[in-house]
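Notes to accompany the following structure.
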Amino acid sequence: MSIQYQHIQVKAINGRIGAVIEGVKLSSSLDATVVQEINQALLKHKVIFFKDQSHLDDIEQEAFAARLGTPLNHPTVPVKQGSNHILELDSRGARADSWHTDITFLDAYPKASILRSIVAPEVGGNTVWANTTTAYNDLPEELKTLAESLRAIHSNNYDYAAKASVPAEVLAKYKDFFNSTEYETEHPLVRVHPETAEKTLVLGHFFQKFVGYSQADSRRLFDIFQNYVEKLENIVSWRWEAGDIAIWDNRATQHRAINDYGDQHRVVRRVTLEGDIPVGVDGQLSQVIRKEVKRDVSDYRYVASEVDYEKVS
């Protein structure tokens with residue numbers, strides 16, 4: 001994909017994934033042509049990074065994100081207090097330290113995420129992204145044929161915060177919200193990207209099992225395909241500084257926050273954008289299998305200073 005950029009400078013980091021974007025100050029008032037070039041760079045490089053964007057606050061992050069799509073709130077975790085769409089990830093309450101694609105327990109899971117670093121550890125705390133399109137391309141033809149025939153169940157029964165070194169009461173409250181509505185959704189293992197027409201693998205830690213396969217056989221198959229995602233050739237790592245912005249195509253990547261920074265504090269704030277329902281190579285759509293509401297989180301907000309949730313009066 002050869003693209004001529006007129007308004008931004010795009011510097012690839014790796015051969016398969018990742019680029020630093022220079023020459024632009026992100027805001028909600030960017031010209032439409034600049035926004036279009038940013039989206040083109042995103043589609044090509046899968047994850048793009050902007051340094052020195054500390055002028056953005058929560059309101060402007062939300063407004064800029066809306067230029068790229070329609071914001072989508074997390075369905076079970078309350079937004080940050082005083083915001084409309086911000087999901088705050090504070091290392092005192094959650095650490096997303098396993099490979100995943102955001103919210104794949106929904107049928108129309110997010111198309112992209114915009115993540116802003118607020119507090120960065122002095123050492124460690126990198127996030128890594130993997131290109132799930134090149135992972136598919138690396139498969140032998142026989143595995144491609146198998147992959148294109150598989151359907152997978154994803155669920156939010158998995159909770160990445162379970163690995164966090166946080167007080168038990170904080171973790172219990174987080175898990176109570178994370179599973180406040182229980183979802184099971186069936187996706188094709190291989191989806192066709194709606195903008196690039198590339199084939200890309202849909203896996204990550206919300207995966208439960210393959211339709212028609214036992215749990216044990218599903219896990220063996222999962223490991224085969226997930227290992228292609230995690231190949232070093234498909235991965236880029238980003239060393240955060242406060243004020244950095246990362247935007248990733250959630251339809252063509254997985255990511256993981258490296259939990260190697262001990263008791264140092266790490267805070268990031270994320271806005272996700274509405275996606276479309278995946279379509280498999282055979283034309284079949286993803287579908288919701290189960291949605292069981294246990295608690296309505298719309299009346300709650302995340303209180304950052306307390307790493308807690310409170311009911312909005």
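The local environment of NZ in Lys231 is crowded, with over 12 non-hydrogen atoms from other residues, nucleotides or ligands closer than 6.0 Å. Counting heavy atoms of neighbouring residues, nucleotides and ligands inside a 6.0 Å radius, atom CD of Glu122 does not exceed 12 of them.
Of the residues Asn137, Asp138, Thr133, the one that meets the side-chain hydrogen bond (donor to acceptor under 3.5 Å, both in side chains) test with Arg16 is Asp138. Results of the side chain to side chain contact (heavy atoms under 4.5 Å, CB included) test with Val47 over Leu115, Asp249, Ile17, Val128 single out Ile17 as the only residue that passes.
Under 3.5 Å, the side chains of Glu148 and Tyr136 contain a donor-acceptor pair of N or O atoms. A donor atom on one side chain and an acceptor atom on the other are found under 3.5 Å apart for Gln254 and Gln226. With 3.5 Å as the limit, one finds a donor-acceptor pair spanning the side chains of Ser237 and Asn126. With hydrogens and angles left out, the side-chain atoms of His255 and Thr127 include no donor and acceptor closer than 3.5 Å.
Closest non-hydrogen pair, Gln61 versus Arg269, comes out as NE2-O, 3.0 Å. What you find for Val267 and Asp90 is that their closest heavy atoms are CG2-OD2, 3.7 Å. Across all their heavy atoms, Leu139 and Ala147 have their closest contact at CD1-CB, 4.3 Å. The heavy-atom pair separating Pro140 from Tyr228 by the smallest distance is CD-OH, 3.4 Å. Taking both residues in full, the closest heavy atoms of Ala108 and Leu72 are given as O-CD2, 4.5 Å, listed atom of the first, atom of the second, then distance. The two atoms that bring Asp260 and Gly124 nearest to each other are OD1-CA, 3.4 Å, heavy atoms only.
Side chain of Asn14 to main chain of Asn234: no donor-acceptor pair is present (N/O by atom type, distance under 3.5 Å, no hydrogens or angles). At distances below 3.5 Å, at least one donor-acceptor pair connects side-chain atoms of Gln264 with backbone N or O atoms of Val123. A side-chain donor-acceptor contact under 3.5 Å links Thr145 to the backbone of Glu141. Listed for the Thr132 side chain is a donor-acceptor partner under 3.5 Å among the backbone atoms of Ala252. Between the side chain of Thr196 and the backbone N or O of His193 there is no donor-acceptor pair closer than 3.5 Å. A donor-acceptor pair is defined here as one N or O able to donate and one able to accept, closer than 3.5 Å; no such pair exists between the side chain of Ser117 and the backbone of Val268. A donor-acceptor distance shorter than 3.5 angstrom exists from the side chain of Glu37 to the backbone of Gln6, with no hydrogens or angles considered. Of the possible polar contacts, one joining the Gln53 side chain to the Lys51 backbone as a donor-acceptor pair under 3.5 Å is found. At distances below 3.5 Å, not a single donor-acceptor pair connects side-chain atoms of Asp107 with backbone N or O atoms of Gln287. Looking only at distances, a side-chain donor or acceptor of Glu60 sits under 3.5 Å from a matching main-chain atom of Ser28.
Under the rule for a salt bridge (Lys or Arg N to Asp or Glu O under 4.0 Å), the partners of Glu195 that lie at least two apart in sequence or sit in another chain are Arg251.
Taken together through direct or relayed side-chain contacts under 4.5 Å among Ile, Leu, Val, Met, Phe, Trp and Tyr, Leu30 and Leu42 form part of one hydrophobic cluster.
Under the 30°/60° scheme for interplanar angles, the aromatic rings of Trp129 and Trp248 are found to be tilted. Classification of the His100-Phe206 ring pair by plane angle, with boundaries at 30° and 60°, yields perpendicular.
Atom CD of Glu186 sits about 13.5 Å away from atom OG of Ser155, to the nearest 0.5 Å. In this structure, Phe50 CZ and Arg116 CZ are separated by 14.5 Å, a value rounded to the nearest 0.5 Å. Atom NE2 of His45 and atom CD1 of Ile48 lie 8.5 Å apart (nearest 0.5 Å). Taking OG1 from Thr185 and CD1 from Ile289, the interatomic distance works out to 7.5 Å, rounded to the nearest 0.5 Å. Going from atom OH of Tyr213 over to atom CZ of Arg220 covers 12.5 Å, rounded to the nearest 0.5 Å. In this structure, the separation between OG on Ser54 and CG on Asp244 is 9.5 Å, given to the nearest 0.5 Å.
Taking the side chain as every heavy atom from C-beta outward, Asn157 and Gln208 approach each other to under 4.5 Å.
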*Could you go through the side-chain contact (heavy atoms from CB on, under 4.5 Å) check for Phe225 and Leu143 one step at a time?*
CA-CA 9 Å; Phe225 294 113; Leu143 282 181; 4.3 Å; yes
*Evaluate the criterion side-chain contact (heavy atoms from CB on, under 4.5 Å) for residue pair His187 and Thr104; output intermediate values, then yes/no.*
CA-CA 9 Å; His187 290 299; Thr104 56; 4.3 Å; yes
*For the pair Asp102 and Arg270, evaluate salt bridge (Lys or Arg N to Asp or Glu O under 4.0 Å) and give the outcome as yes or no after the intermediate values.*
CA-CA 11 Å; Asp102 286 330; Arg270 187 181 84 195; 3.2 Å; yes
_I'd like to know whether Val119 forms a side-chain contact (heavy atoms from CB on, under 4.5 Å) with Arg266, so could you lay out the CA-CA distance, the side-chain angles of the two residues, the decisive distance to 0.1 Å, and finally the verdict._
CA-CA 5 Å; Val119 178; Arg266 182 182 187 272; 5.9 Å; no
_Quick one, Leu273 with Ile114, criterion side-chain contact (heavy atoms from CB on, under 4.5 Å). Give me CA distance, side-chain angles, the key distance, then yes/no._
CA-CA 8 Å; Leu273 303 178; Ile114 297 91; 3.8 Å; yes
_Worked verdict on Lys11 versus Glu22 for salt bridge (Lys or Arg N to Asp or Glu O under 4.0 Å)_ = CA-CA 8 Å; Lys11 297 182 178 179; Glu22 298 177 345; 3.0 Å; yes
*Under the salt bridge (Lys or Arg N to Asp or Glu O under 4.0 Å) rule, what do Glu142 and Lys144 come out as? Steps first, then yes or no, please.*
CA-CA 5 Å; Glu142 293 81 3; Lys144 287 181 180 177; over 6 Å; no
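One finds a salt bridge joining Glu292 and Arg290 here, because a Lys/Arg side-chain nitrogen approaches an Asp/Glu carboxylate oxygen to under 4.0 Å. Note on Asp276 versus Arg191: salt bridge recorded, some NZ/NE/NH1/NH2 to OD/OE distance being below 4.0 Å. Salt bridge absent: Glu182 and Lys291 never bring a charged side-chain N and a carboxylate O closer than 4.0 Å.
A cation-pi geometry, defined here as NZ or CZ lying under 6.0 Å from the six-membered ring centre and within 45° of its normal, does not hold between Arg67 and Phe64.
Checked against the 6.0 Å centroid criterion, the rings of His154 and Tyr183 do not qualify as a close aromatic pair.
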